[in-house]
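Data block below; observations after.
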There are 2 protein chains.
Amino acid sequence: MKSLKLSKRFQRVLLYGIVLATLVFFLKWLQWNFLIIDNAIDIYIGILAILFLTLGAWVANQLIKPKTIIVEREVSISDSKTFSINENAIKRLGISRREYEVLQLLAGGHSNADMASELFVSLSTVKTHVSNLFQKLDVKSRTQAIGKAKELKIIP
Amino acid sequence: MKSLKLSKRFQRVLLYGIVLATLVFFLKWLQWNFLIIDNAIDIYIGILAILFLTLGAWVANQLIKPKTIIVEREVSISDSKTFSINENAIKRLGISRREYEVLQLLAGGHSNADMASELFVSLSTVKTHVSNLFQKLDVKSRTQAIGKAKELKIIP
DNA sequence: GCATCACTCGTACCAAAGTATGATTTTACG
DNA sequence: CGTAAAATCATACTTTGGTACGAGTGATGC
């Protein structure tokens, strides 16, 4: 990467050199021509001035470090993107994998029967998981469970 | 603001004009001096070139528009501060004041009996409100009601 | 091999949630 | 003043949620 950059910079410097050389030849030619016409040196100087002025401007434009103005713009990020699961809390409460699945469906508004179908288990199994969850979360209903789970950042 | 900017720009242009005029006088003086020395025109041209090259570079440096880089900085804004109640949705769904109170307690994880105590009404009244809420929110359980109400930004 | 844990399922029972219907009282508005 | 919407309550009923207890299975690790 760095060698490439140096090489590019070298190429640019070479280009400037060639341009300058060409310019010098052009000037010599101009000088030769205008020497014939007397008192035309002012015109010659004018052309020369414009040329070098332009050249200087161009070179400066090429070489000057871009003046950067950094504008910071606040971007609102919804919590849904910022959210990260607090796996620590899950472990601390001793919530198992299956129980966590149930918790997610629970928070999604599914009934026990729905979850049973979704997870291919019986209704009683789901009830057991739910009951165990309530004990671990220290709540007494699914609505409270949802609230607490969100508080603990267990679910989004 | 705009008049100030224009005035500043004008001042700058005026400055450039003065510098140029001074330079022209200087050149004339140089020309006068070097005419005495024969074949010294090359030196004269060299000085002239360097002068204008520098001038061009300087002018370019002054005039180049600063490149503006907008950096978007991600700033997390918590939803709690961003949140505003969507009263429009409440009206659209025809949710009454009392029903909304019930909805808030509902989302807080309270049971029907709890809400009855809290609102000083009977259990059946709460049930009626809850049932009406479900119809208006088009859901079948309190957990779904909470989810939908949050979706619609009716509750935080 | 045995203990432990996660997962599964069943039964039984009670509490709570949810529905349906009807009725009364308040409140707000033209 | 009358009326419509909101709020209240009751009763009866069905469904769902939640608890308690027991029990079988499979995987893991010492």
Side-chain angles (χ1 to χ4, degrees), chain A residues 85-152 154-155, chain B residues 85-152 154-155:
Chain A
I85 308 164
N86 186 358
E87 295 173 43
N88 210 27
I90 299 176
K91 282 185 183 175
R92 183 168 51 81
L93 298 172
I95 295 174
S96 71
R97 233 167 278 165
R98 205 58 163 166
E99 283 166 353
Y100 186 66
E101 288 184 71
V102 169
L103 179 58
Q104 288 179 87
L105 293 172
L106 193 69
H110 295 77
S111 68
N112 289 341
D114 279 350
M115 293 190 268
S117 302
E118 197 97 11
L119 300 173
F120 299 104
V121 293
S122 74
L123 178 61
S124 49
T125 305
V126 173
K127 281 188 175 187
T128 306
H129 286 318
V130 170
S131 200
N132 290 334
L133 268 172
F134 290 174
Q135 276 186 284
K136 290 173 180 177
L137 287 171
D138 189 31
V139 293
K140 296 202 174 299
S141 71
R142 42 218 298 122
T143 50
Q144 285 178 9
I146 295 171
K148 194 130 189 184
K150 294 203 174 197
E151 256 184 44
L152 297 171
I154 292 175
I155 52 171
Chain B
I85 309 164
N86 186 358
E87 296 174 41
N88 210 28
I90 299 176
K91 283 186 183 175
R92 183 167 51 80
L93 297 173
I95 294 174
S96 71
R97 234 166 278 165
R98 204 60 163 166
E99 283 166 354
Y100 185 67
E101 287 183 73
V102 170
L103 180 57
Q104 289 179 89
L105 293 172
L106 193 70
H110 295 78
S111 69
N112 289 342
D114 279 350
M115 292 190 268
S117 301
E118 197 99 11
L119 300 173
F120 298 104
V121 292
S122 75
L123 177 61
S124 48
T125 304
V126 173
K127 281 189 176 187
T128 306
H129 286 321
V130 170
S131 200
N132 289 334
L133 269 170
F134 290 174
Q135 275 186 284
K136 290 173 181 177
L137 287 171
D138 190 32
V139 295
K140 295 203 176 298
S141 71
R142 39 214 305 119
T143 49
Q144 286 178 8
I146 295 171
K148 193 129 189 185
K150 294 203 176 199
E151 256 184 43
L152 298 171
I154 291 176
I155 52 171

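In the text below, chain A, chain B and the rest are named by the order of the sequence lines, each starting its count at 1.
- Residue Ser124(A) places none of its side-chain N or O atoms closer than 4.0 Å to OP1 or OP2 of dC9(C).
- Proximity of Leu106(B) to Thr143(A): side-chain heavy atoms (C-beta onward) are nowhere separated by under 4.5 Å.
- Contact between Phe134(A) and Ser141(A) at its shortest, heavy atoms only, is CZ-C, 3.6 Å.
- Residues from residues 89-103 of chain A with heavy atoms under 4.0 angstrom of DNA chain D: there are none.
- Taking 4.0 angstrom as the limit, His129(A) places none of its side-chain polar atoms (N or O) nearer than this to OP1 or OP2 of dA6(C).
- For the pair Leu103(B) and Ala149(B), the tightest heavy-atom approach, listed with the atom from each and the gap, is CD2-CB, 4.1 Å.
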Yes or no on side chain to side chain contact (heavy atoms under 4.5 Å, CB included) for Ile146(A) and Val139(A), after CA distance, side-chain angles and deciding distance? CA-CA 10 Å; Ile146(A) 295 171; Val139(A) 293; over 6 Å; no
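- Side-chain N/O atoms of Thr125(B) include none lying less than 4.0 angstrom from OP1 or OP2 on dA10(D).
- Remark: Glu87(A) CD is loosely packed, at most 12 non-hydrogen atoms of other residues, nucleotides or ligands lying under 6.0 Å away.
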What string of B, S and - do you get for nucleotides 14-25 of chain C 5' to 3' if you count protein non-hydrogen atoms under 4.0 Å? ---BBS------
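- Taking atom CE of residue Met115(A) and atom C1' of nucleotide dC7(C), one finds them 16 Å apart after rounding to whole Å.
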Check the pair Ile155(B) / Tyr100(B) against side chain to side chain contact (heavy atoms under 4.5 Å, CB included), numbers first and verdict last. CA-CA 9 Å; Ile155(B) 52 171; Tyr100(B) 185 67; 4.2 Å; yes
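- Screening Asp114(B), Asn112(B), Val130(B), Leu119(B) for a side chain to side chain contact (heavy atoms under 4.5 Å, CB included) with Leu105(B), the sole residue that qualifies is Leu119(B).
- Between the side chains of Ser122(A) and Thr125(A), at least one donor N or O lies within less than 3.5 Å of an accepting N or O.
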Worked verdict on Lys148(A) versus Glu151(A) for salt bridge (charged side-chain N to carboxylate O under 4.0 Å, His left out): CA-CA 5 Å; Lys148(A) 194 130 189 184; Glu151(A) 256 184 44; over 6 Å; no
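- Counting only heavy atoms from C-beta outward, the side chains of Leu137(B) and Ile154(B) approach each other to under 4.5 Å.
- Summary of helix geometry: the two end axes of the helix from dG1(C)-dC30(D) to dG30(C)-dC1(D), each defined by five base pairs via their C1' atoms, are inclined to each other by 50° (rounded to 10°).
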